[in-house]
Amino acid sequence: MKRNIVIATVAAAALIGGGTATAIAVTGDDEAPVKRSSVQVSDGDNGRDDVGERGDKGNRNDADDKNDADDDSTGRDDRDDADDRAEDAAEAKAADVTAADAIRAALKHKAGTAVSADLDDEGTNLVWDVHVLTDGGKWFGVQIDPGTGKVLGSHADRDDDGDDAAETERIRAALKGSSVTAAEAAGAAADKGTVTSVDLDEESGDKAWEVDTTATDGTGSDWRVNLDSAKVTADRSDD
């Protein structure tokens with residue numbers, strides 16, 4: 001359940017040394033926290049939206065494609081993959097606040113049900129981005145500082161495809177009667193590595209929490225956490 005968001009940030013703190021920042025509006029996945037995070041990372045724009053998700057590494061020429069094919073056949077990763085793993089490992093290590101703690105902090109700020117949490121690198125800002133569904137059916141995004149656990153900002157958000165009501169109904173149906181929260185799912189998978197993403201899979205027949213972890217060497221793994229038992233199993237959906 002990945003939401004595309006239209007964000008209206010009403011006020012922002014100045015990044016350095018006081019002053020004011022202009023209110024901004026951001027469309028899509030390029031979300032901006034209200035305040036500067038205490039955890040800064042290198043601005044390596046390689047086409048990834050966040051640590052938890054692996055996206056297209058960008059356009060490559062034919063020679064690069066051939067190198068990829070050679071690497072696949074030998075079982076070795078190319079330089080880009082190695083760099084990505086190193087970056088992922090550094091960002092995961094930099095997050096002193098766990099996914100579970102970030103979710104709990106977000107829910108103290110905005111009451112409701114946490115449906116997803118992602119460790120996002122917004123430019124040089126590293127933040128936990130937690131999506132909360134309130135009892136009244138409203139959606140909020142809450143940004144948590146991964147270094148201090150403090151709330152950096154929050155905003156009301158909506159799906160840009162206009163499917164909020166249907167999505168909300170699916171989520172409520174998936175969670176009805178379940179006993180495992182997003183924070184508990186993150187805790188259950190924590191021994192697999194550093195949790196960098198928690199997200200509800202409300203669309204498949206086997207509904208579960210989807211959890212991404214990053215190992216100390218930057219290797220990412222996908223897990224499914226049962227909504228009732230909190231049992232953790234490897235996610236084989238992409239195999």
Side-chain angles (χ1 to χ4, degrees), residues 1-5 29 31 48-55 88 91-92 95 97-121 126-135 137-144 146 149 154 157 159 163-164 166-215 219-239:
M1 193 286 300
K2 298 295 181 186
R3 295 171 58 78
N4 294 319
I5 301 169
D29 290 332
E31 303 172 15
R48 295 183 311 147
D49 290 333
D50 58 62
V51 180
E53 292 181 299
R54 298 294 174 267
D88 290 348
E91 291 176 350
V97 176
T98 67
D101 286 340
I103 291 169
R104 284 189 280 264
L107 291 176
K108 286 182 180 179
H109 179 76
K110 183 62 65 175
T113 301
V115 180
S116 68
D118 295 284
L119 187 60
D120 290 343
D121 51 346
L126 193 67
V127 301
W128 278 110
D129 190 18
V130 183
H131 290 162
V132 177
L133 175 62
T134 69
D135 291 341
K138 295 184 181 298
W139 285 94
F140 286 88
V142 183
Q143 286 81 40
I144 303 297
S154 64
D157 63 75
D159 239 347
D163 192 33
D164 264 351
E167 181 181 8
T168 297
E169 183 60 29
R170 290 196 303 270
I171 289 169
R172 292 203 186 285
L175 292 177
K176 185 177 181 180
S178 66
S179 58
V180 179
T181 66
E184 290 168 341
D191 63 345
K192 305 296 185 181
T194 299
V195 175
T196 53
S197 177
V198 181
D199 191 46
L200 179 66
D201 176 12
E202 80 280 6
E203 296 182 334
S204 69
D206 180 22
K207 298 175 177 59
W209 292 105
E210 295 178 325
V211 181
D212 294 347
T213 61
T214 299
T219 301
S221 300
D222 302 328
W223 310 93
R224 293 179 71 81
V225 180
N226 187 276
L227 294 177
D228 297 317
S229 66
K231 181 180 179 180
V232 180
T233 56
D235 187 349
R236 305 297 185 187
S237 59
D238 293 331
D239 290 353

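All values below were derived from every heavy atom in this structure, side-chain atoms included, with hydrogens, water molecules and symmetry-related copies excluded.
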Which distance, rounded to the nearest 0.5 Å, do you find between the [atom1] of [X] and the [atom2] of [Y]?
| X | Y | atom1 | atom2 | value |
| --- | --- | --- | --- | --- |
| Lys192 | Ser221 | NZ | OG | 9.5 Å |
| Glu202 | Ile171 | CD | CD1 | 5.0 Å |
| Asp129 | Asp121 | CG | CG | 11.5 Å |
| Asp206 | Asp201 | CG | CG | 8.0 Å |
| Thr196 | Asp120 | OG1 | CG | 10.0 Å |
| Asp199 | Trp209 | CG | CH2 | 8.0 Å |

(request) Keeping the roles fixed (side chain from Ser179, backbone from Asp228), state whether a donor-acceptor pair exists under 3.5 Å. (result)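 It does hold such a pair.
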(message) Looking at Trp128 and Val97, would you say the former's side chain and the latter's main chain have a donor-acceptor pair under 3.5 Å?
(response) yes
(request) Write out all pairs satisfying salt bridge (charged side-chain N to carboxylate O under 4.0 Å, His left out) with one or both partners inside residues 97-107, taking only residues at least two apart or from two chains. (result)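 Listed by first then second residue: Asp101-Arg104.
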(message) Checking Glu203 now: which residues fulfil salt bridge (Lys or Arg N to Asp or Glu O under 4.0 Å) with it, not counting sequence neighbours?
(response)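 Salt bridge (Lys or Arg N to Asp or Glu O under 4.0 Å) check on Glu203 returns Arg170.
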Measure across [X] and [Y] and return the closest heavy-atom pair with its distance rounded to 0.1 Å.
| X | Y | value |
| --- | --- | --- |
| Gly187 | Ala100 | N-CB, 4.5 Å |
| Leu119 | Glu91 | CD2-O, 4.0 Å |
| Ala105 | Gly149 | CB-O, 3.7 Å |
| Leu175 | Leu227 | CD2-CD2, 4.4 Å |
| Ala99 | Val198 | CB-CG2, 4.4 Å |
| His109 | Ser154 | NE2-OG, 3.0 Å |

(request) Report, as yes or no, whether the 6.0 Å neighbourhood of atom NZ on Lys207 holds more than 12 heavy atoms from other residues, nucleotides or ligands. (result) yes
Please identify each residue that fulfils side chain to side chain contact (heavy atoms under 4.5 Å, CB included) with [X], with sequence neighbours left out.
| X | result |
| --- | --- |
| Ala208 | Arg224 |
| Leu107 | Ile103, Ala114, Val132 |
| Ala230 | Val180, Ala188, Val225 |
| Ala215 | Asp217, Thr219 |

(request) Applying side chain to side chain donor-acceptor pair (under 3.5 Å) between Trp223 and each of Asp235, Thr213, Thr233, report the one that passes. (result) Thr213
